[in-house]
Engineer: 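Have a look at the structure that comes next, please.
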There are 2 protein chains.
Amino acid sequence: MTAGGIPPENDPPAVAHWNRGVLRSINERVLLDRVRAAAPISRAQLARDTGLSKPTVSTALDALERAGLVRAVGLETGARGRAALLYEPDPTAGYVVGIDVGRSWIRVAVADLDGRLLARQDRHNRARTSATMLATATDLAQTVVADAGLTPTAVVHTVIGCPGVYDRAADRIRYAVNLPGWGRPGLRGRMESALGTTVDIVNDANLAALGEYHSGAGVGCPLFVYVTVGTGLGMGIVADGRLFPGASGAAGEIGFLPLSPRPSDRVGHGASAPVPRRGMLEDAVSADAVVRGARALGMTGPLTAKGVFDAARRGVEPAAGAVRHEAQRLAHVVAAVTAVLDPELVVLGGGIGANADLLMGPMTAALHELTPLRPRVAASGLGEEAVLLGAVATAVSTARERVFAHHAQG
Amino acid sequence: MTAGGIPPENDPPAVAHWNRGVLRSINERVLLDRVRAAAPISRAQLARDTGLSKPTVSTALDALERAGLVRAVGLETGARGRAALLYEPDPTAGYVVGIDVGRSWIRVAVADLDGRLLARQDRHNRARTSATMLATATDLAQTVVADAGLTPTAVVHTVIGCPGVYDRAADRIRYAVNLPGWGRPGLRGRMESALGTTVDIVNDANLAALGEYHSGAGVGCPLFVYVTVGTGLGMGIVADGRLFPGASGAAGEIGFLPLSPRPSDRVGHGASAPVPRRGMLEDAVSADAVVRGARALGMTGPLTAKGVFDAARRGVEPAAGAVRHEAQRLAHVVAAVTAVLDPELVVLGGGIGANADLLMGPMTAALHELTPLRPRVAASGLGEEAVLLGAVATAVSTARERVFAHHAQG
DNA sequence: TAGTTAAGGAATTTTACTTTACAAACCGGT
DNA sequence: ACCGGTTTGTAAAGTAAAATTCCTTAACTA
């Protein structure tokens, strides 16, 4: 009959069934968002806020209540007319797990859909292989879920933060130099079957950035970057509340920033490179560099970056000099990022955020000499908690989507 | 009665009039997009593609046709059954003007809503004041509109590309060092009253990036940057087809990239700066730097960047060396951008794009030594036309939105 | 206790979609 | 030339969901 032997199934419509109750879903979504934003709130107020009619609000809210997404919370009394029934989002509609797999600590937290932490535990990360680290994390997660009095099936979603760039297509982590075996493919699938939830794996600096956006120094900021300096150098970019991941998830990997050619333009003769040597800025800015700088200025003995900062705080001059130099180098990093991205705000985390009292002043001064662009600069509001809180916040967002989608379609 | 003397106007609904025919608008929008994507196309095919029913498609398409947004274009004959009436977007529903105010040329083009150029003119930019430049541009625009046989009122929107960063809030251009008087506030208002259309003012590198996205080397690419090197250094970032403007519109101003500290970490004593001198990479990479490099390698006489490239193409060794050095420096710029943004593609324009045959090889080789990230690198597909075509393409997008919105709401 | 004000809900109308049915138009074959 | 097969476009009927209108209920106020 037709060309092929098998009658070709109609191509799936470019717009999947727009008309079967989609408007209803949209309205329910709008109402749920509004309840989240202005809880506790009455049906009548919702109608005024959204422009929907009262009957529509009522039926939609009934549906949301039956689905367990919102719940009545009390009566608004004291005003003139009839008392209003107030509603709020039901945080027990689902729970999430956030995990921070750091180089020395593994932290796990459980939260409800409001983002309230119900339980958490930290454990020293002594494992040095991918398998044991994964086992520690899942074990800890199960413990914490039990601590919160939840069954594992109540958990809707898990977000794991770790160093490196997770390549979703290949299901493996790239550029995670310090975690042996961590680059083996299939990580996500293993985590999902071990935890019994969906799992997202996200770079730790990116999660920290999202954490600062949701509850730290970057709350509500439409475009900011989170820069962390510690063992290495990392950055997360948050634009309009969402991560800017780059084409392969590697946006913000400023450890790969190259060292620029000398400003003096005196090129050598022939093939002698005008670039002094190839290398990454990471070596020049990370915690080790602070120690190296302090040694070069005459400090002796067993030194750590923290020790140098503490000494500088006590007024020890070589340490203070090393700190000033670190501020200079950091200013270069921030200036480079600023020239490319033009963020409104730069949040400093990691070791830098912890020593912002010393670094911020000279850093901003150096920055102002380097570029006419003037982003606000602030210290992290969450400190070491940033990654974990970011994981939880991201998981909550995803879980909210999923719970609503399940109600609307399933 | 209520608290305040003036009864407070109800807050505008958070969701602006969801009620009145929203679903209809959405469907009409979907249909119009589909007609644009697959013209010429029949009502029956539209129904199949969108998942809407045939009657719905018919009534919506009637509305679009009455509004002048689509038009019947012929009959599909030769197939099995009844001949189908075919529709296409009506490009005469509105027209746009694109203007490229460059340092030496002012270019103007008029296009219809399909983006087809109807007329264009270029004129040498001899003006050196803001006022005369503006007068030249508006004069040229009016001429070109007349050339196209249009009345000025047929033009819906104008987009102007120029150096610098347009600050929408302050209505003035910042960082446009080479255009005296161009930073005076009120530019947009003056242009709008002079041209009788709405006007957008956009950085020229950003427009070139959009041009490459719509019809150049970056067609359909979800994340790419356009880097232009000429008198200065500029960049535009396109993510998901839209410009990434940054917090103040200055994203991509890589002329402000700082020169990094020396990689050798030997900090000096006391306050002697570890940063050799403050300065911007722009000086080290722009066209002038090519000439300086060539002189340093022994070339004499009156030199231009173009001359150096031509000489290198003829095999003159000092020139070839200068080009290699330029490629090295350019690789540093690209590596820095890549570390921050992780683009899928880097499009090279301006003088670099014109000499991609010489630069691309050594540039990518140097890039691969600087970073493990490997963005694709390509030469501009539009050359000197990029800014103008980008202005037109952007104006077409805005005009399409506006024309449809006018039909849906007005 | 009566009056005022606002909330919630029922009945009705409006809008805009789908389904079903059908006439019109085109092709190919006899 | 004409007829069956096939597809397009439209008309009529049916349905989902929202708006409008109107009414009851509940709380505070005088």
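Sequence lines set the chain letters: A, B, ... in the order given, protein chains first and strands last, and positions in each chain run from 1.
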Engineer: Take the protein atom CG of B:Asp62 and the nucleotide atom C1' of D:dT8, then report the distance between them rounded to whole Å.
Structural biologist: 14 Å
Engineer: Could you tell me whether a side-chain N or O of A:Glu192 sits under 3.5 Å from a main-chain N or O of A:Val199, the two making a donor and an acceptor?
Structural biologist: yes
Engineer: How many Å lie between CG on A:Leu61 and P on C:dG9, as a whole number?
Structural biologist: 10 Å
Engineer: Rounded to the nearest Å, what distance is computed from the CG atom of residue B:Leu31 to the P atom of nucleotide C:dC17?
Structural biologist: 9 Å
Engineer: Nearest to the side chain of B:Arg24, which nucleotide is it out of C:dA16, C:dG9, D:dA18?
Structural biologist: C:dA16
Engineer: Separation of A:Leu23 atom CG from C:dA16 atom C1', in whole Å?
Structural biologist: 10 Å
Engineer: Whole angstrom is fine here: how far is it from CD in A:Glu65 over to P in C:dG8?
Structural biologist: 12 Å
Engineer: Would you tell me if any nitrogen or oxygen in the side chain of B:Ser58 comes within less than 4.0 Å of OP1 or OP2 on D:dT10?
Structural biologist: yes
Engineer: Round to the nearest Å and state the distance from B:Gln45 atom CD to D:dT8 atom C1'.
Structural biologist: 12 Å
Engineer: When you measure from the side chain of A:Arg82, which nucleotide among C:dT19, D:dA26, D:dG9 comes out closest?
Structural biologist: D:dA26
Engineer: Hey, does the side chain of A:Asp112 reach the backbone of A:Asp114 with a donor-acceptor pair shorter than 3.5 angstrom?
Structural biologist: yes
Engineer: Between D:dT21, D:dT6, D:dG9, spot the one nearest the side chain of B:Arg80, thanks.
Structural biologist: D:dT6
Engineer: Go through B:Leu382 and B:Glu212 one step at a time and tell me if the side chain to side chain contact (heavy atoms under 4.5 Å, CB included) criterion holds.
Structural biologist: CA-CA 7 Å; B:Leu382 304 177; B:Glu212 296 287 344; 3.6 Å; yes
Engineer: Select one nucleotide: of C:dG8, D:dT7, C:dA11, the one nearest the side-chain heavy atoms of A:Lys54.
Structural biologist: C:dG8
Engineer: State whether A:Arg48 places a side-chain N or O below 4.0 Å from either non-bridging phosphate oxygen (OP1 or OP2) of C:dA6.
Structural biologist: no
Engineer: Is any side-chain nitrogen or oxygen of A:Ser53 closer than 4.0 Å to OP1 or OP2 of D:dA18?
Structural biologist: no
Engineer: Expressed as a whole number of angstroms, how long is the span from A:Leu52:CG to C:dG9:C1'?
Structural biologist: 17 Å
Engineer: 5'-most contact on DNA chain D: B:Gly81 or B:Tyr87, nearest heavy atom basis?
Structural biologist: B:Gly81
Engineer: Does A:Leu86 or B:Thr59 map to a spot on DNA chain C nearer the 5' end, using the closest nucleotide for each?
Structural biologist: A:Leu86
Engineer: Taking only the side-chain nitrogens and oxygens of B:Asn27, find out if one of them lies under 4.0 Å from OP1 or OP2 of C:dC17.
Structural biologist: yes
Engineer: Would one find a side-chain N or O of A:Arg43 under 4.0 angstrom from OP1 or OP2 of C:dA6?
Structural biologist: no
Engineer: With the side chain of A:Ala44 defined as its heavy atoms from C-beta on, choose the nearest nucleotide among D:dA17, C:dA7, D:dG9.
Structural biologist: C:dA7
Engineer: Taking the nucleotide of DNA chain C with the closest heavy atom to each, which residue, B:Leu75 or B:Ala60, is nearer the 5' end?
Structural biologist: B:Ala60
Engineer: Honestly, is B:Arg71 close enough over B:Tyr87, meaning NZ or CZ under 6.0 Å from the six-membered ring centre and within 45° of the axis?
Structural biologist: no
Engineer: Working to the nearest 0.5 angstrom, can you tell me the gap between A:Met191 CE and A:Thr198 OG1?
Structural biologist: 12.0 Å
Engineer: Should the pair B:Phe244 and A:Phe244 be assigned to parallel (<30°), tilted (30 to 60°) or perpendicular (>60°) ring geometry?
Structural biologist: perpendicular
Engineer: Using whole Å, what does the distance between atom C1' of nucleotide D:dA18 and atom CD1 of A:Ile26 come to?
Structural biologist: 13 Å
